[in-house]
Amino acid sequence: MNVYDSIFQRRTIRKFTQEPVGKDILTKLVDCARVAAYGANMQPLKFAIIDDKAELEAIYPLTKWAGALADGAPREGERPTAYIAVLCDKGIRPNGAAEVEAGAAVTTMMLEAVELGLGTCWLGAIQRKEIKDTLRLPESLDVLYLLAIGYPAQKSRMVDIKDGNVKYFESPDGTINVPKRSLDEVLIKR
Ligand SMILES: Cc1cc2nc3c(=O)[nH]c(=O)nc-3n(C[C@H](O)[C@H](O)[C@H](O)COP(=O)(O)O)c2cc1C
């Protein structure tokens with residue numbers, strides 16, 4: 001798969017089969033994030049793989065899913081089989097501000113995940129302090145984001161935006177529809 005196809009095929013997936021994702025694959029995703037672009041090449045991010053059953057169960061209640069849907073959160077049997085926690089090392093970036101770097105790192109992992117046949121959901125609506133405690137992370141590591149990962153058990157597609165409404169919605173067959181602004185709208189004519 002080329003990068004362009006990965007970019008256009010990637011959609012947020014919130015329901016997963018329960019087939020485990022191998023540790024080698026999860027480690028490969030972290031390796032991709034490791035070589036992303038970093039401001040001043042500081043590389044303040046660290047990553048934690050969460051794929052142990054007890055930890056997965058402890059983490060799920062600390063996450064929120066699909067704010068735009070009435071019933072979009074994964075039920076038991078549909079939940080991610082792994083998460084990668086994106087952490088800021090305050091020993092490298094003392095104020096913990098690495099949002100932009102986290103964005104580049106998460107995107108890099110999401111695109112490689114598509115190539116590997118995986119679905120992902122970038123999670124920002126999370127209880128950071130509780131996740132830090134659950135993972136027993138040292139004080140120097142702050143939780144920025146989780147990337148939920150698993151083999152997809154849901155279809156999602158892009159649709160044209162109507163009446164400026166950006167709210168994603170579910171079709172009767174369970175497919176998620178994600179309105180994207182058109183190239184004409186986002187490319188400023190000059
Ligand atoms: C910074 C950020 C935080 C997000 N947080 C959540 C979240 O907490 N829960 C969730 O279900 N989706 C979350 N998402 C996924 C978005 O809802 C999703 O990217 C958006 O609806 C567009 O869909 P697409 O990724 O398929 O293009 C987040 C995305 C980003 C970029």
Side-chain angles (χ1 to χ4, degrees), residues 1 3-16 29 32-33 36-37 39 44-45 47-48 50 56 58-88 96-132 134-135 142-171 173-183 185-186:
M1 176 180 288
V3 178
Y4 182 86
D5 288 344
S6 178
I7 289 167
F8 275 82
Q9 281 182 32
R10 184 207 62 81
R11 293 274 64 79
T12 290
I13 295 297
R14 299 186 179 86
K15 293 177 194 283
F16 305 90
L29 294 180
C32 290
L45 301 183
F47 304 88
I50 303 158
L56 289 170
I59 292 293
Y60 180 77
L62 306 175
T63 59
K64 271 203 189 135
W65 297 74
L69 302 177
D71 185 21
R75 305 210 170 114
E76 226 176 303
E78 301 174 334
R79 292 183 183 155
T81 52
Y83 299 93
I84 292 175
V86 180
L87 314 168
C88 180
E99 288 280 321
V100 176
E101 282 87 351
V106 170
T107 302
T108 303
M109 292 194 284
M110 290 196 303
L111 294 180
E112 174 58 10
V114 174
E115 186 184 38
L116 297 170
L118 293 164
T120 57
C121 182
W122 180 344
L123 294 172
I126 55 175
Q127 295 180 46
R128 290 177 171 79
K129 167 82 177 69
E130 289 76 3
I131 292 171
K132 180 170 177 164
T134 302
L135 299 179
D142 276 355
V143 176
L144 298 177
Y145 292 104
L146 293 177
L147 184 64
I149 303 165
Y151 290 97
Q154 176 179 55
K155 291 205 169 89
S156 180
R157 64 182 169 211
M158 288 191 281
V159 293
D160 292 341
I161 211 158
K162 280 202 191 100
D163 305 324
N165 188 357
V166 295
K167 221 172 151 184
Y168 51 92
F169 59 95
E170 190 172 355
S171 300
D173 71 353
T175 301
I176 305 300
N177 300 274
V178 184
K180 293 290 183 190
R181 297 188 198 280
S182 68
L183 186 57
E185 183 181 349
V186 303

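Count residues from 1 along the sequence. In listed order, ligands and their atoms are each counted from 1.
- Within the listing of ligand 1, atoms 24 (P), 26 (O), 27 (O) sit less than 4.0 angstrom from a heavy atom of Arg11.
- Ligand 1 places these atoms under 4.0 Å from at least one heavy atom of Trp65: 9 (N), 11 (O).
- Leu111 and Ser6 get closest at one heavy-atom pair: O-OG, 2.7 Å.
- At the shortest separation from atom 26 (O) of ligand 1 among protein heavy atoms lies Thr12 N, 2.8 Å.
- When heavy-atom distances to ligand 1 are checked against a 4.0 Å cut-off, Trp122 comes that close through both its backbone and its side chain.
- Across all non-hydrogen atoms, the minimal contact from Ala33 to Thr108 is N-CG2, 4.3 Å.
- Here the closest heavy-atom approach between residue Gly119 and residue Phe16 is recorded as O-CE2, 3.4 Å.
- Protein heavy atom nearest atom 5 (N) of ligand 1, with residue, atom name and distance: Gly124 N, 2.9 Å.
- Residues Val159 and Pro179 form a side-chain contact, since some pair of their non-hydrogen atoms from C-beta on lies under 4.5 Å apart.
- Taking atom 8 (O) of ligand 1 as the reference point, the nearest protein heavy-atom neighbour is Ala125 N, 2.9 Å.
- Every atom of ligand 1 with a heavy atom of Ala66 under 4.0 Å away is listed here by number and element: 10 (C), 11 (O).
- Of the protein's heavy atoms, at least one falls inside 4.0 Å of atom 3 (C) of ligand 1.
- Between Leu123 and ligand 1, no pair of N/O atoms sits closer than 3.5 Å.
- Of all atoms in ligand 1, listed by their number and element, those nearer than 4.0 Å to a heavy atom of Val178 are 22 (C), 23 (O), 26 (O), 27 (O).
- Atom numbering of ligand 1 starts at 1 in the shown order; those under 4.0 Å from a heavy atom of Cys121 are 10 (C), 11 (O), 12 (N).
- For the side chain to side chain contact (heavy atoms under 4.5 Å, CB included) test with Val143, the passing option among Lys129, Arg128, Gln127 is Arg128; the others fail.
- Atom numbering of ligand 1 starts at 1 in the shown order; those under 4.0 Å from a heavy atom of Arg14 are 10 (C), 11 (O), 12 (N), 15 (C), 16 (C), 17 (O).
- Residue Met110 holds its CE atom at 10.5 Å from CD1 of Ile7, rounded to the nearest 0.5 Å.
- With contacts defined as side-chain heavy-atom distances shorter than 4.5 Å, the pair Thr134/Ile50 does not qualify.
- Among all non-hydrogen protein atoms, the one lying nearest atom 9 (N) of ligand 1 is Lys64 O, 2.9 Å.
- Within the structure, the closest approach of Arg10 to ligand 1 falls below 4.0 Å when heavy atoms are considered.
- Just one residue in the list Arg11, Lys155, Arg157 forms a side-chain hydrogen bond (donor to acceptor under 3.5 Å, both in side chains) with Asn177, and that residue is Arg157.
- No side-chain heavy atom of Val106 sits under 4.5 Å from any side-chain heavy atom of Ile84.
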